[in-house]
Amino acid sequence: ALSARPVKRSLTLHGHRTSVTLEDAFWEALQEAAEAEGLSVNALAQRVDEGRGEAGLASALRVWLLRREREAARGR
């Protein structure tokens, strides 16, 4: 079962290590999205990071994943 407790993991963006705290379900969705896009998790997180504006990285990743899921649901 996926835990609702956030888990901190390290990512490398633009050559710099950073830690991001996300719930297991978001880490799993991020991994699936990266595979679907043919990217590493780091590369996908870097892409999201580049367009996040004022939002924190964890929030930007959650919103990006939610939007991706909603678009997929509309396309079904």
Side-chain angles (χ1 to χ4, degrees):
L2 294 175
S3 170
R5 174 172 280 151
V7 178
K8 185 183 283 191
R9 297 195 185 156
S10 292
L11 296 173
T12 302
L13 309 179
H14 306 284
H16 300 284
R17 307 258 315 147
T18 188
S19 34
V20 178
T21 304
L22 294 171
E23 296 75 14
D24 281 342
F26 285 105
W27 283 119
E28 190 175 278
L30 188 62
Q31 179 67 47
E32 290 168 3
E35 288 172 10
E37 306 261 339
L39 298 170
S40 67
V41 169
N42 286 327
L44 180 55
Q46 183 171 300
R47 183 194 288 173
V48 172
D49 180 57
E50 289 166 356
R52 72 183 165 102
E54 299 286 313
L57 182 56
S59 295
L61 288 167
R62 286 187 192 94
V63 169
W64 186 89
L65 288 164
L66 177 61
R67 286 185 176 144
R68 183 176 186 274
E69 289 297 315
R70 293 173 98 183
E71 287 171 13
R74 279 192 207 105
R76 285 187 197 130

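Contact detail for Glu23 and Ala4: the closest heavy-atom pair is CG-O, 3.3 Å. Contact detail for Ala58 and Thr21: the closest heavy-atom pair is CB-O, 3.6 Å. Summarising the geometry of Leu44 relative to Ala34, their closest heavy-atom pair is CD2-N, 3.5 Å, with the distance given to 0.1 Å. Leu61 approaches Ala45 most closely through the heavy-atom pair CD2-CA, 4.1 Å.
Within the 4.5 Å cutoff, the side chain of Leu13 has heavy atoms near those of the Leu57 side chain. The side-chain heavy atoms of Val7 and Arg9, taken from C-beta on, include a pair separated by under 4.5 Å.
Remark: Arg17 engages Ser10, Thr12 in a side-chain contact (heavy atoms from CB on, under 4.5 Å) (not counting sequence neighbours). The side-chain hydrogen bond (donor to acceptor under 3.5 Å, both in side chains) test applied to Glu28 returns no partner, not counting sequence neighbours.
Between the side chain of Gln46 and the backbone N or O of His14 there is at least one donor-acceptor pair closer than 3.5 Å.
Once rounded to the nearest 0.5 Å, the distance linking CZ of Arg47 with CG of Asn42 reads 13.5 Å. Taking CD of Glu35 as the start and CG of Leu30 as the end, the distance is 10.5 Å to the nearest 0.5 Å. To the nearest 0.5 Å, atom CD of residue Glu69 and atom CD of residue Glu32 are 8.0 Å apart.
The same ILVMFWY cluster, assembled from side-chain heavy atoms under 4.5 Å apart, contains both Phe26 and Leu39.
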Exercise for review: Test side-chain contact (heavy atoms from CB on, under 4.5 Å) on Val20 and Trp27 and set out the steps.
Suggested key: CA-CA 10 Å; Val20 178; Trp27 283 119; 4.1 Å; yes
